[in-house]
Peer 1: 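Below is a structure I'd like to ask you about.
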Amino acid sequence: MKLKIALATFLVLFLVSSCATFKPLPVKKRSVSGVFNANFKGYTFNGFFSISSGNLRLDVVNSFGFSIYGIYVQGQKVFIKDYQTGKVYYHLKANGMDLDEYKSIIEFVAHNFFVLCKSRNPNVVILECKKIQGSLLPVDIVLKRNNERLRIKLKNVKVVNEP
């Protein structure tokens with residue numbers, strides 16, 4: 001009798017535990033990459049970009065196609081990395097351009113890239129959005145600060161969904 005009670009208890013516990021497994025919800029990580037060209041105060045520069053989980057990397061290339069510096073957003077940090085010297089600069093000044101006033105806007109774009117087409121920010125103007133691989137993404141963006149504008153056009157945009 002005791003064996004039957006123990007077996008029945010084991011079966012009940014086994015059935016309950018198999019039905020009540022607490023698995024984490026599947027989280028999809030999306031990353032976007034492609035090519036950009038930007039215009040700031042008459043300066044035009046081109047490069048490659050990637051955005052993933054609020055992190056951003058903009059690699060500016062020279063006329064030969066080599067990356068000369070990169071603008072990074074990692075967490076709450078926004079900085080420039082000079083690839084020729086390997087130095088990291090937390091003031092966004094490179095090649096005669098001063099983007100220091102754009103730090104908070106660049107960080108906002110990096111953290112909210114996938115919802116920019118649906119959200120509003122007085123410093124970010126979305127000129128064009130496209131549906132790319134099931135995601136509505138901005139492809140023509142203007143960042144405003146005082147009387148200055150930084151326009152970024154994204155091309156060859158690819159979205160990767162990771163499980």
Side-chain angles (χ1 to χ4, degrees), residues 24-163:
L25 293 173
V27 176
K28 283 193 172 182
K29 179 180 168 186
R30 290 189 290 178
S31 61
V32 178
S33 61
V35 179
F36 75 91
N37 60 11
N39 189 322
F40 179 68
K41 289 185 175 179
Y43 293 104
T44 301
F45 49 98
N46 302 312
F48 306 99
F49 76 93
S50 67
I51 301 173
S52 178
S53 301
N55 295 325
L56 167 74
R57 178 178 174 177
L58 293 170
D59 280 355
V60 178
V61 298
N62 62 11
S63 59
F64 297 112
F66 297 113
S67 294
I68 51 176
Y69 61 90
I71 300 172
Y72 287 81
V73 175
Q74 291 180 341
Q76 304 299 320
K77 296 178 186 175
V78 181
F79 58 92
I80 288 181
K81 183 172 183 179
D82 186 346
Y83 295 134
Q84 296 170 347
T85 63
K87 292 184 179 180
V88 174
Y89 301 99
Y90 288 95
H91 294 288
L92 302 183
K93 297 178 183 178
N95 293 345
M97 292 185 298
D98 184 5
L99 298 175
D100 249 358
E101 294 183 3
Y102 287 89
K103 271 185 169 181
S104 61
I105 302 169
I106 293 170
E107 183 181 345
F108 173 81
V109 169
H111 292 295
N112 299 297
F113 185 77
F114 292 100
V115 295
L116 279 179
C117 292
K118 299 174 186 172
S119 64
R120 300 281 179 233
N121 185 321
N123 297 322
V124 180
V125 177
I126 306 299
L127 298 177
E128 182 181 2
C129 289
K130 283 187 181 177
K131 191 155 187 121
I132 301 170
Q133 297 172 343
S135 299
L136 187 62
L137 301 175
V139 293
D140 197 354
I141 307 166
V142 176
L143 307 180
K144 301 186 318 183
R145 193 69 173 166
N146 299 330
N147 291 329
E148 299 174 343
R149 306 287 184 262
L150 170 63
R151 184 174 184 178
I152 302 171
K153 290 184 179 184
L154 307 178
K155 298 178 184 177
N156 301 337
V157 178
K158 294 180 180 80
V159 178
V160 177
N161 291 317
E162 301 170 7

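We count residues from 1, following the sequence as given.
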Peer 1: What's the separation between atom CD1 in I106 and atom CG in N123, rounded to the nearest 0.5 Å?
Peer 2: 11.5 Å
Peer 1: Does any part of the side chain of R30, heavy atoms only, come nearer than 4.5 Å to the side chain of V32, both counted from C-beta?
Peer 2: no
Peer 1: Compare all side-chain heavy atoms of N46 with those of V35 and state whether any distance is below 4.5 angstrom.
Peer 2: no
Peer 1: Between P138 and C117, what is the shortest heavy-atom contact and its length?
Peer 2: N-SG, 3.4 Å
Peer 1: What is the minimum heavy-atom distance between I132 and V159, and which atoms define it?
Peer 2: O-CG2, 3.8 Å
Peer 1: For D82 versus Y69, what's the shortest heavy-atom pair and its separation?
Peer 2: CA-CB, 4.1 Å
Peer 1: Would a 4.5 Å heavy-atom cut-off, applied to side chains only, mark Y83 and D59 as touching?
Peer 2: yes
Peer 1: Heavy atoms only: give me the nearest N55-G75 pair and the separation to one decimal.
Peer 2: OD1-N, 3.2 Å
Peer 1: Less than 4.5 Å apart, any side-chain heavy atom of H111 and any of Q76?
Peer 2: yes
Peer 1: Hey, what do you get for CG (L154) to CZ (F49), rounding to the nearest 0.5 Å?
Peer 2: 4.5 Å
Peer 1: Does K41 have any side chain to side chain donor-acceptor pair (under 3.5 Å) partners at least two apart in sequence or in another chain, and if so, which?
Peer 2: E148
Peer 1: Calculate, to the nearest 0.5 Å, the distance between atoms CD1 and CG belonging to I152 and L58 respectively.
Peer 2: 6.0 Å
Peer 1: Please assess V125 against I141 for the test side chain to side chain contact (heavy atoms under 4.5 Å, CB included), listing each intermediate value before the final yes or no.
Peer 2: CA-CA 6 Å; V125 177; I141 307 166; over 6 Å; no
Peer 1: Could you grab the distance from atom NZ of K144 to atom OH of Y102, nearest 0.5 Å is fine?
Peer 2: 10.5 Å
Peer 1: Considering only heavy atoms from C-beta outward, does the side chain of F40 approach that of F45 to under 4.5 Å?
Peer 2: yes
Peer 1: With sequence neighbours left out, which residue pairs that include part of residues 31-92 fulfil the disulfide bond (SG atoms under 2.5 Å apart) condition?
Peer 2: none
Peer 1: Side chains of V61 and I68: closer than 4.5 Å at any heavy-atom pair?
Peer 2: no
Peer 1: Atom CD in E128, atom CG in L137: separation rounded to 0.5 Å?
Peer 2: 11.5 Å
Peer 1: Is F36 close to V60 at the side-chain level, that is, under 4.5 Å between some pair of heavy atoms?
Peer 2: yes
Peer 1: Nearest 0.5 Å, what's the CD1-OG distance between I51 and S53?
Peer 2: 11.0 Å
Peer 1: Mind checking what makes side chain to side chain donor-acceptor pair (under 3.5 Å) contact with R151, not counting sequence neighbours?
Peer 2: D140
Peer 1: Within the distance-only criterion (no hydrogens, no angle test), does the side chain of K118 pair as donor or acceptor with the backbone N or O of L136 below 3.5 angstrom?
Peer 2: no
Peer 1: Would you please test V109 and L56 for side chain to side chain contact (heavy atoms under 4.5 Å, CB included) and show each step?
Peer 2: CA-CA 9 Å; V109 169; L56 167 74; 5.8 Å; no
Peer 1: What do you reckon, is NZ of K103 surrounded by more than 12 foreign heavy atoms closer than 6.0 Å?
Peer 2: yes
Peer 1: Between N37 and N39, is there a side-chain heavy-atom distance shorter than 4.5 Å?
Peer 2: no
Peer 1: In terms of the angle between their ring planes, are Y72 and F79 parallel, tilted or perpendicular, with boundaries placed at 30° and 60°?
Peer 2: parallel
